[in-house]
> 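One structure is given below, represented as structure tokens, and several questions about it will come after.
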Amino acid sequence: MQNPTIVIGVIGADCHAVGNKVLDRVFTMHNFNVINLGVMVSQDEYIDAAIETGAQAIVISSIYGHGEVDCIGMRENCVERGIGEILLYVGGNLVIGKHDFSEIETKFKAMGFNRVFAPDTDLELVCSLMKRDIDHVIQTEETAEGMQ
């Protein structure tokens with residue numbers, strides 16, 4: 001089986017590159033095929049890359065606190081472009097100010113994200129959860145194809 005392809009980047013006007021490089025390295029070490037768009041990535045750039053590469057997931061990071069604004073409409077844009085079922089992950093400092101993480105998670109899940117990661121989430125856990133999610137989607141697709 002081929003390594004899962006994921007598109008990663010830092011959304012919006014956020015130019016924080018160090019975390020993005022760390023994510024790239026960790027995901028690569030965990031056998032993901034990483035398409036790294038770098039920093040200051042628009043929603044359309046994520047979606048274009050996911051379509052072009054047949055990615056199983058989009059991983060959005062944000063550190064500067066405006067992730068909530070930058071991510072509004074992401075799921076809807078994916079649907080509009082024909083990849084509505086793609087796995088969407090988001091993590092980092094997603095909002096400005098002190099908030100209970102459960103509120104942030106609820107907000108982003110309502111926006112259509114499959115998983116929301118706090119800035120201090122263990123990256124080993126992130127990789128494990130993403131692999132499990134992607135494997136589940138692949139198995140579901142294979143089962144559906146077998147029924148046709």
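The basis for the numbers below is simple: all heavy atoms, side chains too, and nothing from hydrogens, waters or symmetry mates.
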> What do you reckon, is NE2 of His99 surrounded by more than 12 foreign heavy atoms closer than 6.0 Å?
yes
> Minimum heavy-atom separation for Arg115 and Arg132, please, with both atom names.
NH2-NH2, 3.0 Å
> Does Thr106 use its side chain to pair, donor to acceptor, with the backbone of Ser102 at less than 3.5 Å?
yes
> Are a donor atom and an acceptor atom from the side chains of Tyr89 and Asp133 found within less than 3.5 Å of each other?
yes
> Between Ser61 (side chain only) and Gly9 (backbone N and O only), is there a donor and an acceptor less than 3.5 Å apart?
yes
> Do Asp48 and Arg81 come close enough that some side-chain heavy atom pair is under 4.5 Å?
yes
> Between Glu85 and Val137 (side chain of the first, backbone of the second, donor and acceptor by atom type, cut-off under 3.5 Å), is there such a pair?
no
> With side chains defined as the heavy atoms from C-beta onward, is the minimum distance between Ile35 and Thr5 less than 4.5 Å?
yes
> Between Asn77 (side chain) and Gly73 (backbone), is there a donor-acceptor pair under 3.5 Å?
yes
> Tell me if a side-chain donor or acceptor on Asn114 pairs with a main-chain N or O of Leu88 at a distance below 3.5 Å.
yes
> Please tell me if the side chains of Ile134 and Phe32 come closer than 4.5 Å, counting only heavy atoms from C-beta onward.
yes
> Does either side chain, that of Asn31 or that of Asn3, offer a donor lying less than 3.5 Å from an acceptor on the other one?
no
> Please give me the minimum heavy-atom distance between Phe27 and Ile6, naming the atom from each residue.
CD1-CD1, 3.5 Å
> Do Tyr64 and His66 pass the ring pair (Phe, Tyr, Trp, His ring centres under 6.0 Å) test, and can you show the C-alpha distance, the side-chain angles, and the key distance before you say yes or no?
CA-CA 6 Å; Tyr64 76 145; His66 298 285; 4.8 Å; yes
> Side chains of Glu45 and Ser42: donor-acceptor distance under 3.5 Å anywhere?
yes
> Counting distance only, does the side-chain N/O of Gln56 pair as donor-acceptor with the main-chain N or O of Lys131 below 3.5 Å?
no
> Any side-chain heavy atom of Val22 within less than 4.5 Å of one from Leu123?
yes
> Would you mind reporting whether Asn33 and Pro4 have side-chain heavy atoms less than 4.5 Å apart?
no
> Any sub-3.5 Å donor-acceptor pair from Ser128's side-chain atoms to Glu124's backbone N or O?
no
